[in-house]
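This report refers to the structure that appears directly beneath it.
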Number of protein chains: 2
Amino acid sequence: MPKQTFFNLPDEKRMAILDVAIVEFAENDYQSASISRMVARLGIAKGSFYQYFEDKNDLYAFVLDLAMRERLTFVQQHTIAAGQSFFEYVQELLEVGMRFDLAHPYPGRIVYRALFGAEPIPGESRTRIRQSLLDYQRQVLRLGVEMGEIAPDVNLDLAAHMLNAVAADFGGFIAAHFQMSPEGLTPGDMTLLRATFAQATRILRYGLSARPPANGA
Amino acid sequence: MPKQTFFNLPDEKRMAILDVAIVEFAENDYQSASISRMVARLGIAKGSFYQYFEDKNDLYAFVLDLAMRERLTFVQQHTIAAGQSFFEYVQELLEVGMRFDLAHPYPGRIVYRALFGAEPIPGESRTRIRQSLLDYQRQVLRLGVEMGEIAPDVNLDLAAHMLNAVAADFGGFIAAHFQMSPEGLTPGDMTLLRATFAQATRILRYGLSARPPANGA
DNA sequence: CAGTCATGTGACTGACCGGTCATAATGTAT
DNA sequence: ATACATTATGACCGGTCAGTCACATGACTG
């Protein structure tokens with residue numbers, strides 16, 4: 001946790017620090033993110049940084065949790081609409097996730113990095129956000145089962161993983177690899193992306209097979 | 001490309017250098033991988049390194065290509081067996097990929113890192129191996145279409161991405177995140193993993209849906 | 001032997017890192 | 001004005017880094 005001093009800061013300065021930190025941890029992995037660079041960009045003294053935070057990890061854990069909460073809250077606002085089928089809902093969730101990553105590329109990248117990065121991250125941050133994401137996905141999938149749209153014999157943990165992988169491909173992946181700014185997207189791009197989501201959801205729903213599924217397990 | 005000097009080295013020494021480099025680039029991303037650490041581990045002078053390689057990236061690109069080639073060759077050896085259905089074959093490819101990553105965790109991790117890492121990698125290395133992987137996956141999926149087991153209206157590029165995501169979850173992901181050594185796997189573990197592959201393949205094939213797919217597009 | 005060329009060496013450079021600390025500035029309550 | 005607590009500062013520490021270079025070693029020539 002950041003020190004009290006940090007929370008005593010005027011809002012503007014506190015925000016400025018977080019903004020810079022978010023960019024720094026989005027563009028560099030934990031190891032390579034540089035406190036020296038951040039304080040230089042902020043125009044504050046190195047020592048001031050250590051008035052606000054215990055150490056590098058203190059800031060990182062705070063920023064990562066913030067980014068994860070932002071993203072999850074944004075997505076969770078979208079609940080299923082009346083008359084909507086479960087898989088239409090899933091498609092919408094994928095879209096919403098991607099919209100977040102396009103509109104807020106930095107938080108998106110931080111989360112993506114923490115989820116899929118191979119570098120060690122000190123502390124429990126990675127475990128924590130992984131857990132919260134899987135919890136949410138399992139909850140969504142349970143809804144699909146309750147609605148009778150997901151076969152009851154599907155392993156939900158596995159399905160959550162696969163959903164995760166697909167979502168990462170379309171959300172975090174785009175934010176992390178394309179240097180796409182949300183403004184740079186033409187309406188045509190959006191239509192194209194939406195069509196792709198529809199196809200992906202269809203595959204998730206019915207699979208790649210040319211034939212109907214066998215009944216039962 | 002490494003300098004001629006490197007290729008003039010006695011086989012044993014050349015191998016030793018590659019072995020150390022593979023571990024270094026598997027355990028650290030490009031930025032954090034350290035030449036100083038490698039030469040220390042090898043017991044050679046820093047200067048010698050620069051007799052063999054232009055710079056850090058020269059070695060990295062070489063090692064990454066090597067790892068990718070190894071993995072792809074290993075997987076490609078497995079062609080479809082007579083009487084085998086396409087999706088059985090896909091399941092087997094997933095398994096084979098995972099077996100490679102378990103038996104050779106370091107090359108597996110390097111490839112995974114290059115494919116999914118968010119850090120910049122100098123040069124074209126990343127683009128190159130991504131391309132070669134997608135090419136292979138598209139080729140496999142085309143086989144599925146030819147065999148009439150994949151619906152002809154499925155977008156193969158998208159399917160390749162999804163296959164990729166799933167494979168990464170089970171291959172690179174395991175190698176990258178578990179500190180699992182191949183010896184540490186009990187026969188029970190292998191059975192469990194195989195069952196998971198079967199479930200994942202079933203989802204890829206028939207989807208999550210409780211109902212048969214609609215006909216046509 | 002001397003001459004030449006490929007190979008090996010490690011001290012060194014300049015840069016950057018995370019983190020510390022003595023000191024200075026600022027605010028605040030009396 | 002004085003005393004006290006909080007906050008701000010940047011030089012500094014030990015460490016690591018990629019990359020260089022003047023020089024040493026060795027191997028093969030004549």
Side-chain angles (χ1 to χ4, degrees), chain A residues 1-18 20-64 113 119-123 125, chain B residues 1-18 20-64 113 119-123 125:
Chain A
M1 257 308 181
K3 302 183 183 176
Q4 188 53 45
T5 313
F6 176 67
F7 296 106
N8 294 344
L9 247 32
D11 284 11
E12 196 173 335
K13 187 166 185 179
R14 207 175 53 245
M15 297 299 198
I17 291 173
L18 287 179
V20 167
I22 283 173
V23 172
E24 182 70 17
F25 282 114
E27 293 186 336
N28 306 87
D29 74 291
Y30 181 81
Q31 280 263 6
S32 306
S34 157
I35 293 171
S36 302
R37 228 167 10 225
M38 288 189 264
V39 298
R41 206 178 286 195
L42 284 163
I44 65 171
K46 188 86 149 283
S48 298
F49 179 92
Y50 286 92
Q51 301 273 20
Y52 308 145
F53 306 101
E54 295 291 344
D55 52 23
K56 195 183 185 178
N57 185 42
D58 188 29
L59 169 61
Y60 175 70
F62 187 71
V63 161
L64 173 62
R113 211 185 270 285
E119 291 72 41
I121 290 176
S125 312
Chain B
M1 256 307 182
K3 302 183 183 176
Q4 188 54 45
T5 313
F6 176 67
F7 296 107
N8 294 344
L9 247 33
D11 283 13
E12 196 173 334
K13 187 165 185 179
R14 208 175 53 246
M15 297 299 199
I17 291 173
L18 288 179
V20 167
I22 283 172
V23 173
E24 183 70 17
F25 283 113
E27 293 186 336
N28 307 87
D29 73 294
Y30 181 81
Q31 279 263 8
S32 306
S34 157
I35 293 172
S36 302
R37 223 159 25 216
M38 287 190 263
V39 298
R41 208 179 287 195
L42 284 163
I44 65 171
K46 189 83 151 284
S48 297
F49 178 92
Y50 286 92
Q51 301 276 17
Y52 308 146
F53 306 101
E54 295 291 345
D55 52 24
K56 196 183 184 179
N57 185 42
D58 188 28
L59 169 61
Y60 175 71
F62 187 71
V63 162
L64 174 61
R113 211 184 269 284
E119 292 73 38
I121 290 176
S125 312

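Every chain is numbered from 1, with letters handed out A, B, ... down the list of sequences.
- In this structure, A/T5 has no side chain to side chain donor-acceptor pair (under 3.5 Å) partners at least two apart in sequence or on a different chain.
- Rounding to the nearest 0.5 Å places CD1 of A/I22 at 10.5 Å from CG of A/L64.
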Let me have the donor-acceptor pairs involving side chains of residues 7-16 of chain A, under 3.5 Å, with sequence neighbours excluded, atom names and distances please.
residue: A/N8; atom: OD1; partner: A/Q4; partner atom: NE2; Å: 3.0
residue: A/D11; atom: OD1; partner: A/R14; partner atom: NH1; Å: 3.4
residue: A/D11; atom: OD1; partner: A/R14; partner atom: NH2; Å: 3.3
residue: A/R14; atom: NH1; partner: A/L9; partner atom: O; Å: 3.1

**OP:** Spell out protein contact along nucleotides 10-20 of chain C as letters: B when the base is contacted, S when just the sugar-phosphate is, - when no protein heavy atom is under 4.0 Å; keep the 5' to 3' order.
**Re:** B------SBBB
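- Applying the salt bridge (Lys or Arg N to Asp or Glu O under 4.0 Å) test to B/E27 and every residue at least two apart in sequence or in another chain returns nothing.
- Applying the salt bridge (Lys or Arg N to Asp or Glu O under 4.0 Å) test to residues at least two apart or on different chains, the pairs with a partner in residues 28-39 of chain A are A/E24-A/R37.
- Residues satisfying the side chain to side chain contact (heavy atoms under 4.5 Å, CB included) criterion with B/P122, sequence neighbours excluded, are B/Y30, B/N57.
- For B/S34, there are no side chain to side chain donor-acceptor pair (under 3.5 Å) partners, not counting sequence neighbours.
- Axis angle, first five pairs versus last five pairs of the helix from C/dC1-D/dG30 to C/dT30-D/dA1: 20°, rounded to 10°.
- D/dT6 atom C1' lies 17 Å from atom CZ of A/F7, rounded to whole Å.
- In this structure B/D58 satisfies the side chain to side chain donor-acceptor pair (under 3.5 Å) test with no other residue, sequence neighbours excluded.
- Listed pair B/N8 / C/dA6 fails the phosphate criterion, with no side-chain N or O lying under 4.0 Å from OP1 or OP2.
- For the side chain to side chain donor-acceptor pair (under 3.5 Å) test, residues two or more places apart in sequence or in another chain that qualify with B/K46 are B/S36.
- Using a 4.0 Å cut-off, no side-chain N or O of B/Y52 falls inside it from OP1 or OP2 of C/dT7.
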Between protein and nucleotides 22-29 of chain C, what N or O pairs are separated by less than 3.5 Å?
none

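- Contacts of A/Y50 classified as ring pair (Phe, Tyr, Trp, His ring centres under 6.0 Å), with partners at least two apart in sequence or in another chain: none.
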